[in-house]
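Every chain is numbered from 1 and lettered A, B, ... according to where its sequence line falls, protein lines coming before strand lines.
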There are 4 protein chains.
Amino acid sequence: MPRKAEDKEEKRNVILNGALEVFTRYGYDKTTLDDIGKVVGLNKASLYYYYKNKEEIFLATVLRESQREIALLQEKVKDIEDVSEKIITYFIERLQYYRQVLGLMSLSTESLRSLQPVFDNLYREMQQKEVSYIAGCLATLVQGDSHKAAGMLFAMADALKHKAVLESGAVLSAGADFSEVEQHLRYLIGLHLKGLQAN
Amino acid sequence: MPRKAEDKEEKRNVILNGALEVFTRYGYDKTTLDDIGKVVGLNKASLYYYYKNKEEIFLATVLRESQREIALLQEKVKDIEDVSEKIITYFIERLQYYRQVLGLMSLSTESLRSLQPVFDNLYREMQQKEVSYIAGCLATLVQGDSHKAAGMLFAMADALKHKAVLESGAVLSAGADFSEVEQHLRYLIGLHLKGLQAN
Amino acid sequence: MPRKAEDKEEKRNVILNGALEVFTRYGYDKTTLDDIGKVVGLNKASLYYYYKNKEEIFLATVLRESQREIALLQEKVKDIEDVSEKIITYFIERLQYYRQVLGLMSLSTESLRSLQPVFDNLYREMQQKEVSYIAGCLATLVQGDSHKAAGMLFAMADALKHKAVLESGAVLSAGADFSEVEQHLRYLIGLHLKGLQAN
Amino acid sequence: MPRKAEDKEEKRNVILNGALEVFTRYGYDKTTLDDIGKVVGLNKASLYYYYKNKEEIFLATVLRESQREIALLQEKVKDIEDVSEKIITYFIERLQYYRQVLGLMSLSTESLRSLQPVFDNLYREMQQKEVSYIAGCLATLVQGDSHKAAGMLFAMADALKHKAVLESGAVLSAGADFSEVEQHLRYLIGLHLKGLQAN
DNA sequence: AATGAATGAGACTTCATTCAT
DNA sequence: GATGAATGAAGTCTCATTCAT
């Protein structure tokens, strides 16, 4: 990366630091670009040099935090010997990260709706990495297409999570009661893994 | 109540139903009077015939839901024989209702600040009833001023809750981790009740 | 007048009493129909049974007060022997009544502009009576068409008043400096009357 | 002052010019931000870049006009030799400026009530300068604390003015009859100055 | 690269006016 | 006759976004 571009990338990161701070404090809607500008030490207008708009700043913030969380997550389960347990733990812990990364931003489902399409792209991208990781874990356990099997697990996990969020009604916050999801998750993954091994 | 006034009260209730729906979905800040008007089938301006302003609609919504929740709560603990357990359960469950009633509205602490003074009045009023209820429970357990003792319990509970909310940072949502509060609460109330009985 | 219609006329008068009170206190723009309704003890909507709209209430108020003032005015100059002096006094005093009747209502020229057309009709009607009165006074002094001569005097007086109002800029209030107008008026009327007598 | 800040200050002044024009024409209440924006050639919203809100624009307008008027006033009395006469003239003329600066804005007492607190600050600041000026005039006339003596004179003048405004009823316009105040003022100041000299 | 300046859209709120009862 | 109820228009204010410099 040439010097200049590197500097710019650096600054973009500084902005995200500030953005995370204020998004976490005020939530997406209530956070103004002035808020972000102030903590970063930039004029509101300058932010547009680095990001296309408020939405993009938010998404970049979420993306970066997600990646960090996932890295942390994978670090956490690294030493679990039993593959089943490892995978289950991974998904359970992953639920927590939704509470921290997304929940804290107090995104109303309404705001979420308009952000949804872009979020989807972000997710797809993220999930590919996660799927690959879980596929790697599965490789020793199952024969056949471990990538496909991993995808299935994610689908299940996301479905359960989605259900919990919807039932929680309003806010994609920790308000959602994840304890039940956790049980279901543990049960279904266990079942699925057994099925896979049976093959 | 004369017919007319009754109708008006009815309509005010209908408005609160709609308000609860949208406040719960969008949060206080993001909810517009148009939103409320639309679900109720009233023009935005008409809402002002029934309530002084947005804030008052919100407070009325919270008040009514709080009262409902508390009634439910007292119903729930009605059949618990052991008084200590009854009271502890009451306070623990009460924590949940904050998650549902307030948390779901995804009030940013910023918004909360401006609503605070009015909230305080609302709370004081609500608490008087709650205190009376708990005092009634305590009556068989302690001699002396059971009302005062009940007040103490609430002070403790609120202090713990307040601490959890503050530590949770930004949003008065379920984001706050109440599990620790729960333990503390259980411990402190138990201690306190024992102390009272010792007298 | 039949009983019913009489009652209605009575009530219309009661409304004007209230209207005068609040128009005088708050000015035209700031006065709301609720204000008027409250002092009269009628619902805002009921006012529409008696008057077509706010403007009409205002005009009726002004009209009635004007008539009262003019009656008072004519009473005041009744005993002045010298016709010249009588007429000059009449016009000078008439200036005062603008201060009281109109000025107090703090009509901005802007509001006045929209009310102008209706005002004009009102004025024309009023002036006819005034002109007749002054014509009567003049009758002993001039030969020829005393009515026409009186009209001339009013034209002069109004022109001067109009000039003062415009120069005062904004508000048709006593802000207008009438002292100069007063001098001019005294001079011009004197001149005119002499001219008339010379004929 | 750096170039940019200077430009901004300039623009703020341009806005005040426009504001004075429309406030004077329509009065405070009836003047809309669109009105101001239109005469200045700015979007309504842009005004908020220069001033916090409508009230602040109004206060700034009044402040600037007041300062101008006072400068004019002091210029006017500069050449009066006799100190007593000079001071009396100052206060009498000062009465006029209230008619022009405030009266013209046709502030309803209602509006005034909400603006009052801020007005008070503005006044205090203005008066300090005026008091100093009058104290300077008094210096040759009295021994002792001329500043205190000057303050007394202003208190008297304001008390009289205040009485006239209140008695005038509704609108802080030139409607208030100041002629009587003028006499009282002349009398009291004369008395007071004689008293001071006697010391 | 950075920002001062400007703006349209949309939020809350008020009020004259209408209409069914 | 009287009024409760409803509403459109307009006013103040906020904010994401754009643009010239």
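Dashed line: the shortest gap from a side-chain N or O of C/Lys30 to OP1 or OP2 of E/dC15 is not under 4.0 Å. B/Ser46 has no side-chain polar atom (N or O) that falls below the 4.0 Å cut-off from OP1 or OP2 of F/dA5. The side chain of A/Tyr49 places an N or O atom within less than 4.0 Å of a non-bridging phosphate oxygen (OP1 or OP2) of E/dA1. Note on B/Lys11: a side-chain N or O is less than 4.0 Å away from OP1 or OP2 of F/dA6.
At a threshold of 4.5 Å between non-hydrogen side-chain atoms, the residues C/Lys11 and C/Asp7 do not count as touching. No side-chain heavy atom of B/Leu63 sits under 4.5 Å from any side-chain heavy atom of B/Leu59.
Using a 4.0 Å heavy-atom criterion, one finds that D/Tyr51 contacts no nucleic acid atom at all. Across all strands, D/Thr32 comes closer than 4.0 Å only to sugar-phosphate atoms, never to a base (heavy-atom distances). B/Tyr50 comes within contact range of the sugar-phosphate backbone alone, with a heavy-atom separation under 4.0 Å but no base atom that close. Among the heavy atoms of the strands lying under 4.0 Å from A/Lys44 is at least one base atom, whether or not backbone atoms are also near. A/Asp34 comes within 4.0 angstrom of nothing in the nucleic acid, heavy atoms only.
Mapping C/Asn43 and D/Tyr48 onto DNA chain F by nearest heavy atom places C/Asn43 at the nucleotide closer to the 5' end. Residue order along DNA chain F, read from the 5' end via each residue's closest nucleotide, puts B/Leu47 first among B/Leu47 and A/Thr31.
In this structure, C/Ile36 atom CD1 and E/dA16 atom P are separated by 8 Å, rounded to whole Å. One atom, CD of A/Glu10, and another, C1' of E/dA1, lie 16 Å apart when rounded to the nearest Å. The nearest whole Å value for the distance from the CD atom in B/Glu56 to the C1' atom in E/dT14 is 16 Å. Summarising the geometry, the separation between NZ on A/Lys38 and P on E/dT3 is reported as 14 Å, rounded to the nearest angstrom. The distance between atom OH of A/Tyr26 and atom P of F/dC15, rounded to the nearest whole Å, is 12 Å. For the pair B/Glu9 CD and F/dG4 P, the computed distance is 15 Å after rounding to whole Å. Between the C1' atom of F/dG11 and the CG atom of D/Asn53 lies a distance of 14 Å, rounded to the nearest Å. To the nearest angstrom, P of E/dT13 lies 9 Å from NZ of B/Lys52.
Of the candidates F/dA6, E/dC15, F/dA16, the closest approach to any side-chain atom of B/Leu42 belongs to F/dA6. With distances taken from any side-chain atom of D/Leu33 to the nucleotides F/dG4, F/dC13, E/dT13, the minimum falls on F/dC13. Each of E/dC15, F/dT14, E/dA5 was ranked by its minimum atom distance to the side chain of B/Ala45; first place goes to E/dC15.
Between B/Leu16 and B/Thr61, the closest heavy-atom pair is CD2-OG1, 3.6 Å.
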request  = Determine, step by step, whether D/Phe23 and D/Val62 satisfy the side chain to side chain contact (heavy atoms under 4.5 Å, CB included) criterion, reporting the C-alpha distance in whole Å, the side-chain angles of both residues, the deciding distance to 0.1 Å, and the verdict.
outcome  = CA-CA 10 Å; D/Phe23 276 135; D/Val62 173; over 6 Å; no

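Both tests hold for D/Lys54 against D/Tyr28: distance to the six-membered ring centre under 6.0 Å, angle to the ring axis within 45°. With C/Tyr49 as the aromatic partner, C/Lys8 meets the cation-pi criteria of under 6.0 angstrom to the ring centre and within 45 degrees of the ring axis.
Consecutive pairing runs in DNA chain F reach the stem threshold at E:2-21 with F:2-21, where a stem means at least three Watson-Crick or G-U wobble pairs with distances under 3.5 Å.
Note on residues 33-51 of chain D: pairs passing salt bridge (Lys or Arg N to Asp or Glu O under 4.0 Å), not counting sequence neighbours, are D/Asp34-D/Lys44.
The side chain to side chain donor-acceptor pair (under 3.5 Å) test applied to B/Asn13 returns B/Arg64, not counting sequence neighbours.
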